[in-house]
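Reminder, nothing fancy here: chain letters follow the sequence lines and each chain counts from 1. What you see is a predicted model, and the numbers here were worked out from it, not measured in a lab.
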Amino acid sequence: MTGAAVAARFYARPTEEVARGLLGHILVSDVGGRRRQTAGRIVEVEAYTGPHDPACHAYGHRRTARTEPLYGPPGTAYVYFTYGMHWCLNAVTEPRDYPAAVLIRALEPIAGFATMRARRRKEPLCSGPARLCEALGVTGALNGMSLQRGVLRIVEGSKPKRGEILTGPRIGITEAADWPLRFYLKDSSWVSR
DNA sequence: ACGCAGATTTTCT
DNA sequence: GAAAATCTGCGTT
């Protein structure tokens, strides 16, 4: 993958805009070495919009060791562990010290199929936040790292056409699940559920 | 096709 | 001690 990395200023905007804007871009992972590079086009995301969002980990400005990366610079990876066994990947948004992020929920696999299958041993490979992390080798070791350079990065992809982006309620949460902050590509067969 | 329970650990109450 | 931004396997329909 040789595309230009998405710049920090892209992430330093309202989280909902960043979420829509990430659709079509490419997530590239060099975990395990460049030889085992894996990559996928982002087709589904969710916005977690900050201290006022009951579903956001930083709701009410809960600044703890866990949520610290959310307060970091835009374009940082926030990787958290949940349900005792799963990792999930977010891109930190808004200016530094404003704790918000976009959860990457599904990818269309485009490179490194053999590596993905070896890691996952199951289909689908990248439809679901924990599944794509497993397929790309994303773990807590990447928490707090830049998404502009390094082993995990987001590079320019193809912009979806207007009308190709659908909106819906967020998944897997109880508080404010109905806020329409999930965005996905209309005709993608790679979105979760 | 659908529904339910288990896995398993971090974080906060 | 309970819940969590989930996924899987196994049961039943």
Side-chain angles (χ1 to χ4, degrees), chain A residues 11 14-23 27 29 38 40 42-72 74-94 98-109 115-145 147 152 154 165-185 188-193:
Chain A
Y11 299 97
T15 305
E16 193 172 334
E17 280 178 36
V18 177
R20 291 172 166 276
L22 278 175
L23 293 172
L27 178 63
S29 166
T38 47
I42 298 170
V43 299
E44 180 183 352
V45 296
E46 279 174 5
Y48 289 86
T49 59
H52 55 87
D53 177 352
C56 184
H57 286 169
Y59 180 50
H61 264 108
R62 211 156 33 202
R63 188 164 187 164
T64 65
R66 181 207 201 193
T67 61
E68 192 58 30
L70 288 171
Y71 291 83
T76 297
Y78 170 49
V79 184
Y80 70 89
F81 190 76
T82 191
Y83 293 106
M85 63 181 76
H86 295 302
W87 295 103
C88 293
L89 170 68
N90 298 251
V92 173
T93 60
E94 315 253 4
Y98 190 94
V102 175
L103 172 70
I104 312 294
R105 286 196 57 90
L107 307 174
E108 172 185 346
T115 302
M116 289 187 189
R117 278 193 278 264
R119 288 183 178 137
R120 285 264 311 140
R121 306 207 148 280
K122 231 160 231 109
E123 304 273 341
L125 294 172
C126 294
S127 300
R131 290 170 179 161
L132 70 91
C133 281
E134 188 175 19
L136 271 61
V138 174
T139 68
L142 301 177
N143 191 29
M145 294 182 53
L147 290 170
L152 190 65
I154 294 176
I165 298 176
L166 298 186
T167 302
R170 292 180 292 188
I171 289 176
I173 56 181
T174 50
E175 291 289 314
D178 53 321
W179 293 17
L181 294 175
R182 172 173 175 254
F183 305 101
Y184 55 103
L185 294 185
S188 175
S189 48
W190 304 100
V191 303
S192 63
R193 317 247 200 141

- Message: Using OP1 and OP2 only, check whether a side-chain N or O of A:H57 sits under 4.0 Å from B:dT11.
- Response: no
- Query: Does A:Y83 lie flat on the base of B:dA7, that is, centres under 5.5 Å apart and planes under 30° off?
  - Reply: no
- Distance test, side-chain N/O of A:T82 to OP1/OP2 of B:dT9, below 4.0 Å: no
- Query: If you check every side-chain atom of A:K122, which of C:dA5, C:dG9, B:dT9 has the closest atom?
  - Reply: C:dG9
- Which nucleotide, C:dA5, B:dT11, C:dC7, lies nearest any side-chain atom of A:Y78? C:dA5
- Between atom CZ in A:R170 and atom P in C:dT6, what is the gap in whole Å? 11 Å
- Answer yes if the side chains of A:S192 and A:E44 hold a donor-acceptor pair under 3.5 Å, and no otherwise. yes
- Protein-nucleotide distance (A:Y48, atom OH; C:dA4, atom C1'), rounded to Å: 11 Å
- Given A:E46 and A:R105, is the salt bridge (charged side-chain N to carboxylate O under 4.0 Å, His left out) satisfied, shown in steps? CA-CA 7 Å; A:E46 279 174 5; A:R105 286 196 57 90; 3.7 Å; yes
- Task: From the options C:dA4, B:dT10, C:dT6, select the nucleotide whose nearest atom is closest to the side chain of A:T174.
- Result: C:dA4
- Item | Minimum-distance nucleotide to A:N90 side chain [options: C:dA5, B:dT11, C:dT6] | C:dA5
- Using Watson-Crick and G-U wobble pairs with both distances under 3.5 Å, what is the 5'-to-3' dot-bracket string of DNA chain B, with [ ] for crossing pairs and | for pairs outside the strand? |||||||.||||.
- Task: Check whether any side-chain N or O of A:R193 sits under 4.0 Å from OP1 or OP2 of C:dC7, and answer yes or no.
- Result: no
- Message: Taking only side-chain N and O atoms of A:R121, does any of them lie within less than 4.0 angstrom of OP1 or OP2 on C:dT8?
- Response: no
- Item | B:dG3 versus C:dA5 - spacing of their P atoms, nearest Å | 22 Å
- Message: Just to be sure I understand the rule, does A:A55 reach a base, reach only the sugar-phosphate, or reach nothing, if contact means heavy atoms closer than 4.0 Å?
- Response: base
- Message: Can you tell me which nucleotide in C:dC7, C:dA5, B:dC12 comes closest to the side chain of A:L103?
- Response: C:dA5
- Task: Examine the side chains of A:E16 and A:T49 and answer whether a donor and an acceptor come within less than 3.5 Å of each other.
- Result: no
- Message: Does the plane of the ring in A:Y80 sit parallel, tilted or perpendicular to the ring in A:H57? Use 30° and 60° as the thresholds.
- Response: perpendicular
- Message: Nearest to the side chain of A:M85, heavy atoms from C-beta on, is which of B:dT11, C:dA5, B:dT8?
- Response: B:dT8
- Task: Specify the separation, in whole Å, of atom CZ of A:R182 and atom C1' of C:dT6.
- Result: 14 Å
